[in-house]
Protein chains: 2
Amino acid sequence: MEKQSYTRDNMADLLREHGINPTHQRIEIAYALFGRQEHLSADQIMAVVNDRHSETSKATVYNTLNLFKQHQLIREVIVDPSKVFYDPNTSPHHHFFNLETSELIDIDADAVQIQGLPQLPEGMVTEGVDVIIRIRPGNH
Amino acid sequence: MEKQSYTRDNMADLLREHGINPTHQRIEIAYALFGRQEHLSADQIMAVVNDRHSETSKATVYNTLNLFKQHQLIREVIVDPSKVFYDPNTSPHHHFFNLETSELIDIDADAVQIQGLPQLPEGMVTEGVDVIIRIRPGNH
DNA sequence: CCATTTATTAGACAAAGTCCAATCTTTAGT
DNA sequence: ACTAAAGATTGGACTTTGTCTAATAAATGG
């Protein structure tokens, strides 16, 4: 009874659990993200999904990613000024961002404590805390 | 002897101190950013600078912002998937980001401690640490 | 004041993402 | 299983942010 195998069938279940109608395209997109547990951009996802024969349009990729985001199935990572990355890991965590390769590495948020943050502005509520550590190779 | 007044003349000096040739357009752009001490996007800066009579082209705005960034006069803030904000404050600090208004509020980094971050990947060096607290109005 | 370097510019271009109306799928009810 | 209604997908036009280029303008140092 292995919990963590990312088959297309499991993707369908995962989508249903999140109240999303599992269509072909949605299953493929979910499989692309969860199957490799990587941070991918929309165009990378489209490339993966359309690897052999084209099956999914640009509009559907964007529609689907936004849908997944709304249903808290994935998360956006905003670190690159030119493209958004999508993260299949929704548990609280932070990121190393490799400025040379645009690669992201997860940092579990449980291990990290942040102290001394000022009070939120009046009437405001926290939606999320992102810590991004921008790294590059070499000790200059 | 007031240190912190942001006149156009002071902008010229500031640019020279950073090894930047102070031209008309560069002074205006610096004045727009430092004069109001706000986080502005490229198009907002262009709007400010060309308020009355158009004087500065889009290409120059982008050229100049990138030049300022290279000379560490300003900093990019990447929080919004669709546009970069430019920050005249280069001292280490973090941000509240108002998701409703796209407004940024500085958080002095001196007050904040971050503990428990894992070791950097081998051969990597930190270029910067960004903490972004995404906030929105109302206590749901 | 001239020559050379340095900046600025308009407009073409590129890439990411959105929007729309037409078409195709899926679902639910019978 | 059949059909109507709802939901999903599509190509392509469009928008926005940002880059590039080749031509022009401005500043600088003799």
Side-chain angles (χ1 to χ4, degrees), chain A residues 8-9 11-13 15-16 18-33 39-50 53-71 73-87 102, chain B residues 8-9 11-13 15-16 18-33 39-50 53-71 73-87 102:
Chain A
R8 285 177 174 78
D9 278 357
M11 289 302 102
D13 292 343
L15 295 182
R16 273 186 219 99
H18 285 257
I20 297 169
N21 207 341
T23 66
H24 261 296
Q25 288 88 338
R26 288 171 180 175
I27 288 169
E28 286 306 312
I29 290 168
Y31 186 64
L33 273 164
H39 307 79
L40 300 176
S41 62
D43 64 316
Q44 289 175 317
I45 289 165
M46 197 152 115
V48 168
V49 163
N50 293 335
H53 10 273
S54 179
E55 9 176 348
T56 306
S57 72
K58 186 169 65 151
T60 297
V61 170
Y62 281 101
N63 286 345
T64 301
L65 290 171
N66 286 323
L67 185 76
F68 285 5
K69 182 179 57 169
Q70 279 161 36
H71 288 255
L73 195 65
I74 63 174
R75 202 172 99 171
E76 280 183 347
V77 184
I78 298 160
V79 286
D80 185 306
S82 73
K83 58 173 64 109
V84 172
F85 287 101
Y86 292 90
D87 190 342
S102 290
Chain B
R8 285 178 175 76
D9 278 359
M11 288 303 103
D13 292 344
L15 294 182
R16 274 187 219 97
H18 284 258
I20 297 169
N21 208 340
T23 65
H24 262 294
Q25 288 87 338
R26 287 171 181 176
I27 289 169
E28 287 304 314
I29 290 168
Y31 185 65
L33 273 165
H39 307 79
L40 300 176
S41 62
D43 65 315
Q44 289 176 316
I45 289 166
M46 198 152 115
V48 168
V49 163
N50 292 337
H53 9 272
S54 180
E55 10 175 346
T56 306
S57 72
K58 185 168 67 151
T60 298
V61 170
Y62 280 101
N63 286 345
T64 301
L65 290 170
N66 285 324
L67 185 76
F68 286 4
K69 181 180 58 169
Q70 278 160 37
H71 288 256
L73 193 67
I74 63 174
R75 203 172 99 170
E76 281 183 345
V77 183
I78 298 161
V79 286
D80 185 306
S82 73
K83 56 173 65 111
V84 172
F85 288 100
Y86 293 90
D87 190 343
S102 290

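Within every chain, numbering begins at 1; the chains are lettered A, B, ... in the order of the sequence lines, protein sequences first and strands thereafter. Scope of the values below: all heavy atoms of this structure, side chains included, with no hydrogens, waters or symmetry mates.
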Nucleotide-resolved protein contact map, nucleotides 16-26 of chain D, B/S/- at heavy-atom distance under 4.0 Å:
-SBBB------
How long is the straight-line distance from CG of A:Leu40 back to CD1 of A:Ile74, given to the nearest 0.5 Å?
10.0 Å
Protein-nucleotide distance (B:Met46, atom CE; C:dA10, atom P), rounded to Å
9 Å
Angle between the two end axes of the helix from C:dC1-D:dG30 to C:dT30-D:dA1, five base pairs per end, rounded to 10 degrees?
30°
Provide, to the nearest angstrom, the distance between the CD1 atom belonging to A:Ile27 and the P atom belonging to C:dT25.
15 Å
Using only side-chain N and O atoms of A:Thr56, determine if any of them is under 4.0 Å from OP1 or OP2 of D:dT9.
no
Taking the side chain as C-beta and beyond, is there a heavy-atom pair between B:Val49 and B:Val61 under 4.5 Å?
no
A side-chain contact here means heavy atoms from C-beta on lying under 4.5 Å apart; do A:Arg75 and A:Tyr86 qualify?
no
Starting from P on C:dT9, measure out to NE2 on B:His53 and report it in whole angstrom.
14 Å
Is there side-chain contact between B:Phe68 and B:Leu15, with heavy atoms separated by less than 4.5 Å?
yes
Which whole-number value in Å describes the distance from A:Glu76 CD to C:dA16 P?
15 Å
Just how far is it from atom CD1 of A:Ile45 to atom CD of A:Glu28, taken to the nearest 0.5 Å?
12.5 Å
Atom-to-atom span, CZ of B:Arg16 to P of D:dT28 - whole angstrom:
9 Å
Given atom CD of A:Glu28 and atom P of D:dA8, what is their separation to the nearest angstrom?
17 Å
Heavy atoms, side chains only, cut-off 4.5 Å: are A:Leu67 and A:Ile20 in contact?
yes
Counting just side-chain N and O atoms, does A:Thr23 come under 4.0 Å of either OP1 or OP2 of D:dT9?
yes
For the side chain of B:Arg26, counting heavy atoms from C-beta on, which of C:dT6, C:dT8, D:dT10 is nearest?
C:dT8
Atom-to-atom span, CD1 of A:Ile20 to C1' of C:dT27 - whole angstrom:
17 Å
Under 4.0 angstrom, heavy atoms only, what part of the nucleic acid is B:Thr60 near: base, sugar-phosphate, or nothing?
base
Atom CD of B:Glu55 and atom P of C:dA7: how far apart are they, to the nearest Å?
19 Å
Should B:Asn21 be listed as having a side-chain N or O under 4.0 Å from OP1 or OP2 of D:dT28?
yes
Which residues pass the salt bridge (charged side-chain N to carboxylate O under 4.0 Å, His left out) test with A:Glu55, sequence neighbours left out?
none
Is there a side-chain contact between A:Asp13 and A:Asp9 in this structure, where contact means two heavy atoms from C-beta onward sitting under 4.5 Å apart?
no
Please examine the side chains of B:Phe85 and B:Gln44, heavy atoms only from C-beta on, and report whether any two atoms are closer than 4.5 Å.
yes
Output yes when at least one side-chain N/O atom of B:Gln25 is less than 4.0 Å from OP1 or OP2 of C:dT9, else no.
yes
